[in-house]
Protein chains: 2
Amino acid sequence: MKSFKIPEATIIRLSIYSRYLHRLMQQGITTISSSDIAEKTGATSAQVRKDLAYFGEFGTRGVGYDVESLYDSIAEILGVDKEWKLIIIGAGKLGLALSMYEGFRERGFKNVGIFDVDPIKIGKKAQGIKILHLDQLEEVCEAESPDIAIVAVPGEHAQDIVNRVVESGVRSILNFAPRVLTTPIHVQIRNVDFATNLELLTYNMASEDRR
Amino acid sequence: MKSFKIPEATIIRLSIYSRYLHRLMQQGITTISSSDIAEKTGATSAQVRKDLAYFGEFGTRGVGYDVESLYDSIAEILGVDKEWKLIIIGAGKLGLALSMYEGFRERGFKNVGIFDVDPIKIGKKAQGIKILHLDQLEEVCEAESPDIAIVAVPGEHAQDIVNRVVESGVRSILNFAPRVLTTPIHVQIRNVDFATNLELLTYNMASEDRR
DNA sequence: ACATGTGAACTGCTTCACAGCG
DNA sequence: CGCTGTGAAGCAGTTCACATGT
């Protein structure tokens, strides 16, 4: 496997191609061209080929790609061929929605803990796992060594939670709190920001209206 | 107001700057420098100044920016100084989480309808609004003319829903279903994709592990 | 003196166009 | 002949460094 600096946009598209390939497999389609993948995922055929070219040669000239083997290759690239353990902090509506998200299990993510501070929630079950008190966070991290922490707590508590999970050895964080959080360089964090996404929509509508 | 092609990344950062400025206002801080904004939002000072420069001159040389007036200017740029009506389709955990999201009301978004097909959910209240049957979607759109539709339904129904809201005159869509959806050019769509975000994390962890 | 505003240089992603190969 | 794989060109976003204004 080559080891250049790969654009993040490429990884995002690979994830999208991979989902489309999964659907093709379910439909029993075995071969696909870059231009078909492009059309169905909002990319261009050159883009699809360039993205794949970072990682090797997966197609057959004059023919296209074998759906199943391309799917497997992309899954390996994305690292979803392994099992990753995750914990969810915050058992509000959002935390629970995430704990139930089908895409997680499908992709080999294993939920090993969900935490909250609200005594009403603690002890209840979410998708077969008990909601635990936040006090038990370190204990569970010690026992399970989760790879990923999903932060679904109010903004004002997010940095504290991040500090604690980093201290407990988590390597990756997916943050839903509307805050910019800091982590040590060896811990990666990604933000999913509802307000920012909506504001991109309103910016464009407001721009149109000004024209 | 200048009318160049503005990078999407700039709009995303403006949204983040704006949130930070909001916090500064609450703390009673009145003046701020580009380098301080940069530090707290993960950008660089040149970036902050360039982003603002697309829209005008907002600062005072040798001094910095007035927090409140910069906040107001960015809010106007992003279009959040207006009231936007939104509907939510899907009253699962995610749809309900979104209907309760504080950031919406704060930013002038008004929820004018939440829809589902599950008879158990219909009639119940979410944040003061009744959950309606999906059959009433067109009726409500007719009456309220929502600007934005939030799609929080399973992937296999997402395109149908999008077709219906587009037909009903919605201009902007925020899609949470893990599908690439198509809309006419005059309707913008943004995707919030949990799986892709997680896969970016696993890609990086897998890459590290390969080294 | 100090922080903004900005042209110019740079970096990196995307698109093009065609060579390469089944 | 058709579709992949890929250097080269083009374009867009970021960073630099300094002129500008208070």
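All values below were derived from every heavy atom in this structure, side-chain atoms included, with hydrogens, water molecules and symmetry-related copies excluded. Residue numbers begin at 1 in each chain, while the letters A, B, ... track the order of the sequences.
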Query raised in the report: Taking for each residue the nucleotide of DNA chain C bearing the nearest heavy atom, is the 5' side occupied by A:Val63 or by A:Lys50?
Result: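 So the residue in question is A:Lys50.
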Requested in this report: Please tell me which of A:Ala46 and A:Thr60 maps to the more 5' nucleotide of DNA chain C, matching each residue to the nucleotide holding its nearest heavy atom.
Outcome: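 Nearest nucleotide further toward 5': that of A:Ala46.
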Does [X] put a side-chain nitrogen or oxygen below 4.0 Å from OP1 or OP2 of [N]?
X       : N      : answer
B:Tyr54 : D:dA12 : no
B:Gln47 : D:dG13 : no
B:Arg13 : D:dT14 : yes
A:Ser34 : D:dT4  : yes

Query raised in the report: Does the ring center of A:Tyr71 lie less than 6.0 Å from the ring center of A:Tyr65?
Result: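 No.
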Query raised in the report: Do A:Tyr101 and A:Phe104 have ring centres separated by under 6.0 Å?
Result: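 Here the rings of A:Phe104 and A:Tyr101 have centres that are less than 6.0 Å from each other.
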Report task. Run the numbers on A:Gln159 and A:Arg179 for side-chain hydrogen bond (donor to acceptor under 3.5 Å, both in side chains), then give the verdict. Result -> CA-CA 8 Å; A:Gln159 185 65 60; A:Arg179 288 285 168 101; over 6 Å; no
Between [atom2] on [N] and [atom1] on [X], what's the gap in Å once rounded to a whole number?
X       : N      : atom1 : atom2 : value
A:Ile32 : D:dC3  : CD1   : C1'   : 13 Å
B:Glu8  : D:dA12 : CD    : C1'   : 13 Å
A:Asp51 : D:dT6  : CG    : P     : 13 Å
A:Arg49 : D:dC3  : CZ    : P     : 10 Å
B:Ile12 : D:dG13 : CD1   : P     : 12 Å
B:Leu70 : C:dA3  : CG    : P     : 16 Å
A:Asp36 : D:dG2  : CG    : P     : 17 Å
B:Ile6  : D:dA12 : CD1   : P     : 13 Å

**Report entry** Spatial distance of atom CD (B:Glu83) from atom CZ (B:Phe109) [nearest 0.5 Å]
**Finding:**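 Result: 10.5 Å between the selected atoms.
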Requested in this report: Indicate yes or no for a side-chain donor-acceptor contact from A:Trp84 to the backbone of A:Gly79 under 3.5 Å, with no hydrogens or angles considered.
Outcome: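 It does hold such a pair.
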Query raised in the report: Less than 3.5 Å between a donor and an acceptor, one on the side chain of A:Arg61 and one on the base of D:dG2, is that the case here?
Result: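 Not at all, since no donor on one side and acceptor on the other fall under 3.5 Å apart.
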Query - Closest to the A:Thr44 side chain, choosing from C:dT15, C:dT4, D:dT4 - result: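 Nearest nucleotide to the side chain: C:dT15.
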